[in-house]
J.: 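Shown below is the structure under consideration.
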Amino acid sequence: MNRAPLLVALGMILIGAVGFLFWRSSQKQTAATADKSCRTSMRTILSAIEMYRGENHRPPERLDQLIPRYLDKLPPCPVARKETYTTTYQVYGQKYTFFCRGHYHQRENHPLFNSVKGWD
């Protein structure tokens, strides 16, 4: 019995499995990098919110109140390539929350920042 075709098939399956595992690993790394780059944009906004709060003793009611004194413009989500934070920003007295709106990261509508709980 000629085992060559069977060995070739098993080799192809093994190569496919290794390739799939490599692909999944790179996808997870890409998603983590995307989250990190979006958080960088959000940290820029957070710094501006805190500067606004320092001068006004409260967070802004809307993110556009940060322009032009604290930011030239609102930074975009680098993954979405557009500004995704304005519509999600909510203020409750001295507390606020906002997130990256959409399906651009590992989880929909994330990363999320809450001024009480921090990052989710």
J.: If you compare all heavy atoms of Leu66 against all heavy atoms of Ala48, which two are closest, and at what distance to 0.1 Å?
T.: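 Heavy atoms only, the tightest pair is CD2-O, 3.6 Å.
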J.: Taking all non-hydrogen atoms of both residues, which atom of Cys38 and which atom of Cys77 are closest, and how far apart?
T.: SG-SG, 3.7 Å
J.: Could you give all pairs that pass the side chain to side chain donor-acceptor pair (under 3.5 Å) test and reach residues 69-80, with sequence neighbours left out?
T.: Glu55-Arg69, Glu55-Tyr70
J.: Parallel, tilted or perpendicular: which fits the ring planes of Tyr96 and Phe113, with parallel below 30° and perpendicular above 60°?
T.: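 Tilted.
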J.: Check whether any side-chain heavy atom of His57 lies under 4.5 Å from a side-chain heavy atom of Tyr52, and answer yes or no.
T.: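 In short, these two side chains do not touch, never coming nearer than 4.5 Å.
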J.: Counting only N and O atoms by type, is there a donor-acceptor contact under 3.5 Å from the side chain of Asn56 to the main-chain atoms of Arg58?
T.: no
J.: Find out if a path of hydrophobic residues (ILVMFWY) with successive side-chain heavy-atom gaps under 4.5 Å connects Leu112 to Tyr89.
T.: no
J.: Mind checking the CG-CG spacing from Leu71 to Leu63? Nearest 0.5 Å is all I need.
T.: 9.0 Å
J.: If only atom types and distance count, is the side chain of Thr40 paired as donor or acceptor with the main-chain N or O of Lys36 below 3.5 Å?
T.: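 Judged by distance alone, yes, a pair lies under 3.5 Å.
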J.: Going hydrophobic residue to hydrophobic residue with side-chain gaps under 4.5 angstrom, can you get from Met42 over to Met51?
T.: yes
J.: Could you tell me if the side chain of Lys82 sits less than 4.5 Å from the side chain of Thr84, heavy atoms only?
T.: yes
J.: Below 4.5 Å, heavy atoms only, C-beta onward: do Val91 and Pro60 meet side chain to side chain?
T.: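 When only atoms from C-beta onward are counted, Pro60 and Val91 do not touch, as no gap falls below 4.5 Å.
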J.: In Å and rounded to the nearest 0.5 Å, what is the CD to CZ distance from Glu108 to Phe99?
T.: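 It comes to 8.5 Å.
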J.: Please check if the side chain of Thr88 supplies one atom and the backbone of Arg101 the other of a donor-acceptor pair under 3.5 Å.
T.: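 The answer is no, because no donor-acceptor pair under 3.5 Å joins these two groups.
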J.: Taking side chain as C-beta onward, heavy atoms only, is Asp120 less than 4.5 Å from Asn114?
T.: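 SC-SC contact between Asp120 and Asn114 ruled out.
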J.: Main chain of Gly102, side chain of Asn109: is a donor-acceptor contact present, judged purely on distance under 3.5 Å?
T.: yes
J.: Testing the 3.5 Å rule here: is there a donor-acceptor pair between the side chains of Tyr92 and Gln90?
T.: yes
J.: Answer whether the closest heavy-atom distance between the side chains of Leu74 and Thr86 falls below 4.5 Å.
T.: yes
J.: Please evaluate residues Thr97 and Val116 with respect to the criterion side chain to side chain contact (heavy atoms under 4.5 Å, CB included), reporting the C-alpha separation (whole Å), side-chain torsions for both, the decisive distance (0.1 Å), and the verdict.
T.: CA-CA 9 Å; Thr97 186; Val116 175; over 6 Å; no
J.: Within the distance-only criterion (no hydrogens, no angle test), does the side chain of Ser41 pair as donor or acceptor with the backbone N or O of Pro76 below 3.5 angstrom?
T.: yes
J.: Classify the angle between the aromatic ring planes of Phe98 and Tyr85 as parallel (below 30°), tilted (30 to 60°) or perpendicular (above 60°).
T.: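 Aromatic pair Phe98/Tyr85 classed perpendicular.
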J.: Are any side-chain N or O atoms of Glu50 and backbone N or O atoms of Ile45, one a donor and one an acceptor, separated by less than 3.5 Å?
T.: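 Absent.
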J.: Roughly how far, to the nearest 0.5 Å, is the CZ atom of Arg53 from the OG atom of Ser115?
T.: 6.0 Å
